Structures are given as C-alpha cells and as structure tokens.
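Notes to accompany the following structure.
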Amino acid sequence: MGRQLSFSIFRYNPNIPGDAPRMQEYKLEEYEGMTLFVALNDIREKLDPTLMFDFVCRAAICGSCAMMINGRPGLACKTMTGTLPSRINLMPLPVFKLIGDLSVDTGTWFRNLQVRTESWIHTNKKFDPEALEVRMENKTAEAIYEPERCIECGCCVASCITANIRDDFLGATGINRVGRFLIDPRDERTDAEYFEVVGSEEGAFGCVGLMACDDNCPIELPLQQQLAFVRRKMAQAGLKLDLKGMKIS
Amino acid sequence: MELAKTLQVTLNKKANPKTDLYVDLAQSLSGVFLVGFLWMHMLFVATIIVSPELFNSLSEGLDKYYLAQVGIPATILLIICHIFLAGRRAPMRLRDMRIAWRMTKMMGHADTWIWAGQVITALLVGIFASMHLWTVLTQWPLRAATSAARVASVGPADPSWGGFTFPFMIVFYVIFLLVGEYHAGFGLYRILVKWGWFERHKMGYVLKGITVIIVALGFIALYTFTKIAGGGA
C-alpha cells in the first residue's frame, strides 16, 4: 500500500469562454517507481480525461513535459513522486503561451529564438556531399557537445525572473545556444555579427545572475559558465569592435 | 538577416550599438568600486579597536592629503551612478514587481531570494547612507571622540516627550552595518557570478566569510566607540 498522493493542479482552458483559472485537487495512490508523468496519465485515465499536459518521450530527451513542480520547474517524466512530499502542486511553465492546464507552447518561443540567434552554421564554403567530413579536435567537439545537449524544455526560461519580466530576453537557453556556435570552428560569423545577435540587453548583458537557470536545468547544463563565457566574449568583442571584425575564439 | 525592428530599437542601435555593453560594464565596475570602498571604510573604522590614536592619525592623514576631500564627493557620485546603473535591473513597474515577487515565493530558490534581499537592502542602504553622510559631514572633522559621541548619543531626551530616551544611533548603525554588508557581499557575488571567473558556490562561501569578518569588526568597533563614550573620552 503506497502513500496517498494529493495533487493540486492548475486548471484553465483559455479556449473555453468563461473558464476561470483554478487549482483542482486529485487523489492518487502511489506505487513503486512512479514518476509524475505516470501519475498524470493515471489521473487522466482514471479521474479526469479533460486534464491537459504534454509529453512525448518519457525519457528526459524531448523536453515536452516541463512544468512547475511544487513551485520549481522540472520534467514530469524525470521526477519520481517518491522524491516529493505527498502534497504535489503542479502549475504550467510561466513565460510561454498557455495552451491549457499544464500544457504550454514552447515551440513558438524556441522558433523565435532560433531565428533571432540564427542557430545554424554560417559558412561560405560550398557543401560537397562527396567529400570527407572536415575533422575537428576532440576537445572542441566535446566543448560543443556540452551546450548542444540542451533539450529546449524551457525550465531555465521559466525560472528566470528577467525572462518572466521581459519577453525580449533570450534566456539561458538562447545564450547557451550562441555559446555553442561561438566555439564552432565551422561557423564563420564575425565578432560584429555575434555582437549584433547577443551583445545587448536582450542577450548576454541582460542576465542579472540569479542562477535559477543553473540550479533548475533538468539535464544540468553548466549554464553559469555558458552565460559568463558569452558575456566575456561579447565584452571583449565589443571593446575592440570595428565593423569588419574577426572570428573570436 | 534582420528581423523587423521598431523605430526606437533601430535608432538605439544606430546611436551606439555598444551602449548595453558599456552600461553593463559600468554597473559591474561601480559595484566593485563601492564594495572596495565599503570594505576599506570598515577596515579604517576598525582601527578604533586598536587605539583611538591610530584612528585619529588615519583620519587626520586622510584630511591632510586631501583624500577625504576628494574621496567623499567621488564616492557620493559613484553611489548616484550605481543607483541608476544597478537600479535599472530592479523591477520598477507594479507588473514586474508582482511577477518577481510571485516567482521568488513560488520557487523558493536561494539565489533568487538573495536577489530580492539585494533590492530591498539597496533601498535601505540608499536611505541610511544619506543619513550617515549628513550626520558625519556636519560634524567634520572625524575624530574618535566625535564618532564615539555620535554612536553613543541617545535621543530625544526632551521633557515634552516625557524624558523618553532611545539609543537611536547605535540601532541605526547596527542595521546599517548589516544591510550594507549584505548588499555589498551579495552584490559582489552577483557580479562575479555574471562574469564567471570562479565556481560560484565556493566563491559564495569565501564572500560570506569575508562579510562575517567585516560585520564582526563593525560590531566590535561600535562596542569600542560606546566604551570610549562611556569612559568620557
């Protein structure tokens, strides 16, 4: 006989006229190995088929099931109910557009981020599908791989007061993303081009340093180091910037 | 490739694309200088623990070489700059305050709470520093005896208040010491976190250690001043 879990879950469907935001209570018996993802599915199957929440992979890879778990952002699939008290409070992520209940639209936000940071390799080299891939130092590849692990769950953005207040702020995930391209030798962007992307209050210089991103990242990316790295690079670039610029790092 | 931008964004960029960088650097630098000033100030004050003579000779020296005459206005200017530079980070609109407060309470995240404390202590430091500057500068020159008398002074001791007395100044200085060192210690922590030269948890312990030492020195200095005042020095 497991613990009796009581869930308090945010309910609101903006598409239903007159629907009011409220917290709804559900009771569920806990069993061995239960994750929040499993619990939410149980609730939806047995108690309330109208409950909305997102999930795809169940394995902390897709980043869909991020939500505020007892006030802190985290992945439902990665959170064992056993690590939580028996009262569990669930809210949707802030910042992102609320679709309904626990479901938010992170896609539009990240699409905008992709466009603003121009998250692709900028190169003038003509791609030759026959040629061997250009070799990269193992150290460089590993350094790129680390920030690249970001699953775009949005936990860093949700827990960032600056991102909550200012919708033009790129957030840790955005700055981390730029940091990844900064060290990629294949990207031919100049100082000036990178500076234009993140050398501003909307990017690297907007971070206040509250480090909720660093403490709440479900896959434990070294976000403090990444944010500081991009800030230092952009400061260096900005201080010696002439418009021609040259490749940093 | 450019995304559509408004006229204001375009003109800001055109005026100087590096403004945000300069302002961010200036904010960090103003903070570092003020923390440096405060810690040095507290070490100077703590010379009273060694002897009133050392305290006096240091104070006389600062006057003699015009360090006080230049340093005090410069520090006031720096404080004013810092209010504008760092103040722009604080949530000022009601909407922002509500969001910041809600998120802080909801997450219970230590660093975010500490930041909320930084905003609140900033306000207190601003008020307390103004009062402190006024009381000190109107009693210039600064000597052990005048400082001791100020620290130990009670008020209002007026018959119309029924002779009621309260040691306002010592209470003032205890609060000022605590909020000032909190703001300085965590402010420096925040700056170093943002520029990322050190691992933040270790750095946090070091800064907390320094802050505790300086607060302790401050308390001992205050105690010494009250002893001097009590001894009729």
Side-chain angles (χ1 to χ4, degrees), chain A residues 68-73 89 91 94-95 112 115-116 118 120 122 158-166 168 192-193 195-216 222-232 234-241 243, chain B residues 1-6 9 12-13 16-28 86 88-93 95-116 118-119 186-187 189-201 203-204:
Chain A
M68 300 301 265
I69 303 161
N70 284 342
R72 290 237 193 171
N89 188 299
M91 301 272 277
V95 181
N112 183 33
V115 175
R116 280 172 67 197
E118 304 193 12
W120 52 88
H122 290 53
S159 59
C160 172
I161 299 258
T162 306
N164 270 270
I165 288 173
R166 291 180 24 206
D168 58 357
E193 284 169 301
F195 193 83
E196 184 160 355
V197 173
V198 278
S200 66
E201 280 278 300
E202 290 82 52
F205 305 130
C207 167
V208 182
L210 306 192
M211 293 297 117
C213 56
D214 196 49
D215 289 333
N216 289 318
L223 290 173
Q224 187 216 340
Q225 285 92 316
Q226 281 296 109
L227 289 165
F229 167 71
V230 176
R231 196 185 211 113
R232 291 198 304 264
M234 285 304 106
Q236 271 171 22
L239 288 175
K240 62 172 190 211
L241 185 72
L243 284 170
Chain B
M1 195 187 89
E2 272 287 18
L3 283 178
K5 281 179 178 159
T6 63
V9 172
N12 279 350
K13 281 253 181 218
N16 190 345
K18 296 198 232 168
T19 305
D20 290 352
L21 161 65
Y22 294 144
V23 172
D24 191 56
L25 280 174
Q27 184 199 345
S28 288
R88 76 192 212 293
R89 301 286 202 200
M92 285 297 176
R93 293 192 299 167
R95 164 197 179 273
D96 297 353
M97 288 182 196
R98 293 178 75 191
I99 294 174
W101 186 241
R102 182 181 300 129
M103 288 305 295
T104 307
K105 275 197 306 183
M106 188 183 188
M107 289 194 298
H109 173 246
D111 269 43
T112 305
W113 266 118
I114 287 167
W115 172 76
Q118 276 180 273
V119 176
F186 284 119
Y189 166 77
R190 198 75 61 201
I191 293 165
L192 294 174
V193 158
K194 286 194 287 190
W195 292 96
W197 294 294
F198 311 105
E199 200 281 318
R200 71 188 172 100
H201 296 104
M203 188 226 337

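By convention in this document, chain letters (A, B, ...) are assigned in the order of the sequence lines, proteins followed by strands, and residues within each chain are numbered from 1. This is a predicted model, so every value here is computed, not measured.
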Does any heavy atom of chain A fall under 4.5 Å from the side chain of [X], the backbone, both, or neither of them?
| X | result |
| --- | --- |
| B:Phe186 | neither |
| B:Asp24 | side chain |
| B:Thr19 | neither |
| B:Tyr22 | side chain |

* To do: With sequence neighbours excluded, give me every salt bridge (Lys or Arg N to Asp or Glu O under 4.0 Å) pair touching residues 96-105 of chain B.
  =>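 Checked against salt bridge (Lys or Arg N to Asp or Glu O under 4.0 Å) - neighbours excluded - the pairs reaching residues 96-105 of chain B are B:Arg93-B:Asp96.
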
By a 4.5 Å heavy-atom criterion (distance strictly below it), what part of [X] contacts chain B: side chain, backbone, both, or neither?
| X | value |
| --- | --- |
| A:Pro94 | side chain |
| A:Ile165 | both |
| A:Asn89 | neither |
| A:Gln225 | neither |
| A:Ala204 | neither |

If you compare all heavy atoms of [X] against all heavy atoms of [Y], which two are closest, and at what distance to 0.1 Å?
| X | Y | answer |
| --- | --- | --- |
| B:Arg89 | A:Phe205 | NH2-O, 2.8 Å |
| B:Gly196 | A:Ala228 | CA-CB, 3.4 Å |
| A:Leu239 | B:Leu21 | N-CD2, 3.9 Å |
| A:Pro73 | B:Met107 | CD-SD, 4.4 Å |

* To do: Hey, could you give me the CE/CZ distance between A:Met211 and B:Arg190, rounded to the nearest 0.5 Å?
  =>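 Spacing of CE (A:Met211) from CZ (B:Arg190) equals 8.0 Å.
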
* Atom pair OG1 (B:Thr104) and CD1 (A:Ile161), whose distance is rounded to the nearest 0.5 Å ->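 Nearest 0.5 Å value for the OG1-CD1 distance: 3.5 Å.
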
Please rank [options] by heavy-atom pairs under 4.5 Å with chain B and give me the top one.
| options | value |
| --- | --- |
| A:Ala158, A:Gly209, A:Cys207 | A:Gly209 |
| A:Asn216, A:Asp214, A:Thr162 | A:Asp214 |
| A:Ala212, A:Gly206, A:Gly203 | A:Ala212 |

* For the residue pair A:Val208 and B:Lys194, establish whether any side-chain heavy-atom pair is separated by less than 4.5 Å. =>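 Answer no - side chains too far apart.
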
* Asked: Looking only at side chains, do B:His109 and A:Asp215 share a donor and an acceptor under 3.5 Å apart?
  ->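 Judged by distance alone, the side chains do pair up.
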
* To do: Would you please name every residue forming a salt bridge (Lys or Arg N to Asp or Glu O under 4.0 Å) with A:Glu202, sequence neighbours left out?
  =>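 Listed in chain order: nothing, the list is empty.
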
* **A:Gln224 side-chain N/O to B:Val193 backbone N/O, donor-acceptor pair under 3.5 Å** =>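 Yes, because the side chain of A:Gln224 sits within donor-acceptor range (under 3.5 Å) of the backbone of B:Val193.
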
* **Heavy-atom donor-acceptor pair, B:Lys18 side chain to A:Gly238 backbone, under 3.5 Å** =>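 Yes, B:Lys18 side chain to A:Gly238 backbone: donor-acceptor pair under 3.5 Å.
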
